[in-house]
Amino acid sequence: MEWTILGAGALGCVMTGLLRQQGESVALMLSERHRGHFHPHLEFIDITGQRQLFHSRPIFAEHANTVQCLLVFTKAYHVIDALKELTLLPSATPIILLHNGMGVAEQVLALFPNNPILAGISSHGAMKERDWQVRHTGKGDTWLGPLNEAAKAYQHLVPPLAAAWGHCEWSNEIILQQQQKLAINAVINPLTACHNITNGQLLESRFTEVLAQLSEEVHGVISRLQGNKAETLSEFRRRLHKVIELTACNYSSMHQDIAQGRSSENDYISGYILQHAHQHPVPVCQQLYQEIKKREQVIER
Ligand code: PAF
């Protein structure tokens, strides 16, 4: 079986490197802008600092009919445009969505009504050092689960991914887990991007108050969505602190996006919280959302 990775950003390339390290065959589905300057080798720097060059077969939208299993690492705001190009994708090909944030899957389900659609969450740390050179900055967990009926038969994808990625498990409550990850991202990502800090710096005393307020706002929204399946505020805060500690030296993905002059997943992270807050006030989340929007507008100009 050949895996196809769509989205050659930091995480997509790190997950490609880990699969190649395990001897899996991987094709990289590239966008038009890569056609002229694709480098045939991906330089993968593993967690111990060892460098390896991997060759991954580059393919483009016109090869979509050959795709056996599509792992989508494209940023949330590019997923729909990237998938719309794949008109030749066979209807039996499973599509696994691994972006941060939520609000995209509904459109993918409508666009590919016959394909098995899965969602995944992953907490691996990845950093792009330069074009086609990526560093694996933190080992993480990965969970996959079905978003439609057809996807329920795809549990067999998990063992080969677990062999390459270290941890990968099946979840029948993937939406719940996506919401829990989104809650973490809605605290860490905008704060680190706005203050230009690593995740670990959030533990400095100057952030104690904002961290307390934002975590309460985000927890309020997510727990109302999850009802009796929700974690308590103190459980959420414990989980949040653990993630901050485990990723202390990392720059969050939103920090990397803003610092490198790209759009961010703001609309799919803080935007998702604002959209589901309804009449409940979320002033800190709102302010951070607007601050990131302003920075994105400066980038777009
Ligand atoms: O988006 C990210 O950067 C990551 O999901 C996380 C967990 C915040 C670690 O940096």
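We count ligands from 1, going down the list as the structure has it; atoms in each ligand are counted the same way. On a predicted model such as this, the values are computed, not experimentally measured, just so you know.
For Asp141 and Ser123, the side-chain atoms include no donor-acceptor pair closer than 3.5 Å. Between the side chains of Arg224 and His278, no donor-acceptor pair of N or O atoms lies under 3.5 Å. Side-chain atoms of Asn100 and Lys181 include a donor-acceptor pair closer than 3.5 Å.
The minimum heavy-atom distance between Val134 and Lys128, with the atom names listed, is CG1-CA, 4.1 Å.
Among protein heavy atoms, atom 5 (O) of ligand 1 sits closest to Asn185 ND2, 2.9 Å. Looking at atom 8 (C) of ligand 1, its nearest protein heavy atom turns out to be Asn189 OD1, 3.2 Å. With respect to atom 7 (C) of ligand 1, the closest heavy atom belonging to the protein is Val243 CG1, 3.8 Å.
By the 3.5 Å distance cut-off applied to N or O atoms, Asn100 is counted among the residues near ligand 1. Considering backbone and side-chain atoms together, Asn250 places no N or O closer than 3.5 Å to any N or O of ligand 1. Residue Thr247 has no nitrogen or oxygen atom sitting less than 3.5 Å from a nitrogen or oxygen atom of ligand 1, judged on distance alone.
By heavy-atom distance, the residue among Ala126, Ala248, Ser253, Ala193 lying nearest atom 1 (O) of ligand 1 is Ser253.
Within ligand 1, the atoms closer than 4.0 Å to a non-hydrogen atom of Asn199 are 9 (C), 10 (O), numbered from 1 in the order shown. Short contacts between ligand 1 and Ser252, defined as distances under 4.0 Å to a heavy atom of the residue, involve ligand atoms 3 (O), 10 (O).
For residues 59-81, the pairs satisfying side chain to side chain donor-acceptor pair (under 3.5 Å) are Arg35-Glu62, Lys75-Asp257, with sequence neighbours left out.
Contacts of Lys181 with ligand 1, taken as heavy-atom pairs under 4.0 Å, involve the side chain alone.
Within 6.0 Å of CD in Glu149 there are 12 or fewer heavy atoms belonging to other residues, nucleotides or ligands.
Cluster note: Met127 groups with Tyr251 through ILVMFWY side-chain heavy atoms spaced under 4.5 Å, whether in direct contact or through intervening members.
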